[in-house]
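This is a predicted model, so every value here is computed, not measured. For the numbers below, each heavy atom of this structure counts, side chains included, while hydrogens, waters and symmetry mates do not.
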2 protein chains.
Amino acid sequence: MKFSTQEEYGLRCLIQIATGTVAKPMTILEISQREGLTSTNVAKILHMLKNEGFIEGLRGQSGGYVLSRSPESIKVKDILDALGGNLYDDSFCERHAGSKAICAHDSGCSVRSLWQRIQEAVNDAIGDMNLADLMGTSRFQLKEGMVSLIQAEKVGRS
Amino acid sequence: MKFSTQEEYGLRCLIQIATGTVAKPMTILEISQREGLTSTNVAKILHMLKNEGFIEGLRGQSGGYVLSRSPESIKVKDILDALGGNLYDDSFCERHAGSKAICAHDSGCSVRSLWQRIQEAVNDAIGDMNLADLMGTSRFQLKEGMVSLIQAEKVGRS
DNA sequence: ATGAAAGTTGACCTAAAAGTCAAGATTAAA
DNA sequence: TTTAATCTTGACTTTTAGGTCAACTTTCAT
């Protein structure tokens, strides 16, 4: 059982954006330097996060990336789902059934219930954790009202 | 977050061996047919399981594979660890730190604590589950004393 | 002994994920 | 309007996990 690098890097990029975009949007270059990743790779990851609706790209000379909503409203579970997919879902049995299609319809498939059980445990553990919770141990902590400031800035521009 | 196919197939092969080897050792061909996998692939997986000490290969015309100890004493956690490695371990930060080595020694690494938290949840969920527990929903249930019969057969031969 | 059934080994092939590259399009500030 | 900084896109390369193949060794039943 492993995390994909997309999950790891995506989450870290999100945390960077969340903690760093108080004064101004955070650029790809900035994120790549802070996380030690190449800027092209960061660009790819951010593009994915944008498609999933977590962040927003602001173009132009003073552009960069910004959270599309408050960190409190972005659930860790949603992030992980978007970046790496679920541990267990309905397609799992098909992918792992081998040449026989016994798994999905066979009540004797005892492995499936184990995967489901583990999945539930993970979901419980993550629970209602959100992006703001992950920012707790970071150097810069977003304070009350900062997000709305960013939001206002965005609205004012568009 | 995904399971590797090794974890999936390995676990299923183990269950097959555990439930099927009451009368005689289970052959690679038999397992491959029941699970819909190629026999060469099953051979590779079983070899791995053997190296990890879960099963034992019996050679010769009436050979096959047998559990090396009772299904009650084989913990699911140990199986998963052997087949797929841990979700989080000490090498994780190195692998995912990018070019900077900030993660392992930086208390500001907020992602790490999340991974650890999830790992703990999984461990709790699996807890003391053993191979015998997974056999519960299978067609053939191993009954009291059967394992010792197999053990006796093995001892008698050597 | 001998042959058939079984496991063993290591090299090889394939497919999917991860990461890179380069050209292009968009935007805001001067 | 020009320029510089940004994002966007799609094709390409690299890496790694998964799976295959074929020759070999071991063992038991006859």
Item to check | Touch class at under 4.0 angstrom, heavy-atom based, for Leu46(B) against every strand present | outcome: nothing
Checklist outcome for this item: Ile55(A) atom CD1 is separated from dT6(D) atom P, nearest whole Å, by 15 Å
Checklist outcome for this item: Quick note, His47(B) side chain, CB onward, closest among dT9(C), dT8(D), dA6(C) is dT9(C)
Item to check | Nearest-Å distance for atom pair CD1/P, residues Ile28(B) and dT8(C) | outcome: 7 Å
Checklist entry - Listed by chain and number, what are the side chain to side chain contact (heavy atoms under 4.5 Å, CB included) partners of Glu30(A), not counting sequence neighbours? => result Lys24(A), Met26(A), Thr27(A), Arg34(A)
Checklist entry - What residues form a side chain to side chain contact (heavy atoms under 4.5 Å, CB included) with Lys75(A), not counting sequence neighbours? => result Asp78(A), Asp128(A)
Checklist outcome for this item: Between Ser62(B) and Gly57(A), whichever has its closest DNA chain D nucleotide further toward 5' is Gly57(A)
Checklist entry - Starting at NZ of Lys50(B) and ending at C1' of dT8(C), how long is that distance when rounded to a whole Å? => result 8 Å
Checklist entry - Considering residues at least two apart in sequence or located in another chain, which fulfil the side chain to side chain contact (heavy atoms under 4.5 Å, CB included) criterion with Met129(A)? => result Val76(A), Ile126(A), Asp133(A), Leu134(A), Leu114(B), Arg117(B)
Checklist entry - Can you name the residues that form a side chain to side chain contact (heavy atoms under 4.5 Å, CB included) with Glu52(B), not counting sequence neighbours? => result Phe54(B), Ala82(B)
Checklist entry - Taking atom CG of Leu83(B) and atom OG1 of Thr5(B), what is their separation to the nearest 0.5 Å? => result 10.0 Å
Checklist entry - Whole-Å distance between dA18(C) P and Glu8(A) CD? => result 12 Å
Checklist outcome for this item: Whole-Å distance, Met26(A) CE to dC7(D) P, equals 11 Å
Checklist entry - About how many Å separate CD1 of Ile28(A) and NE2 of His47(A), when rounded to the nearest 0.5 Å? => result 10.5 Å
Checklist entry - Starting at CD1 of Ile31(A) and ending at P of dT6(D), how long is that distance when rounded to a whole Å? => result 11 Å
Checklist entry - Just by protein heavy atoms under 4.0 Å, how would nucleotides 14-20 of chain D read 5' to 3' in B, S and -? => result ----SBB
Checklist entry - Considering all heavy atoms of both residues, which atom of Gly53(A) and which atom of Arg69(A) are nearest to each other, and what is their separation? => result O-NE, 4.0 Å
Checklist entry - Which part of the nucleic acid, if any, lies within contact of Leu29(A), taking any heavy atom under 4.0 Å across all strands shown: a base, the sugar-phosphate backbone alone, or nothing? => result nothing
Checklist outcome for this item: d(Cys13(B) SG, Leu46(B) CG) to nearest 0.5 Å is 5.0 Å
Just the atom pairs and distances: protein N or O near nucleotides 24-26 of chain D's N or O, under 3.5 Å.
{"unit_1": "dT26(D)", "atom_1": "O4'", "unit_2": "Arg59(B)", "atom_2": "NH1", "d": "2.7"}
{"unit_1": "dT26(D)", "atom_1": "O3'", "unit_2": "Arg59(B)", "atom_2": "NH1", "d": "2.8"}

Checklist outcome for this item: Here the distance between atom P of dT20(C) and atom CG of Leu37(A), to the nearest Å, is 9 Å
Checklist entry - Should Ser4(A) and Glu7(A) be marked as a side chain to side chain donor-acceptor pair (under 3.5 Å) after you check the CA-CA gap, both sets of side-chain angles, and the distance that decides it? => result CA-CA 5 Å; Ser4(A) 68; Glu7(A) 287 173 292; 3.3 Å; yes
Checklist entry - What's the OH-P distance between Tyr65(B) and dA6(C), to the nearest Å? => result 12 Å
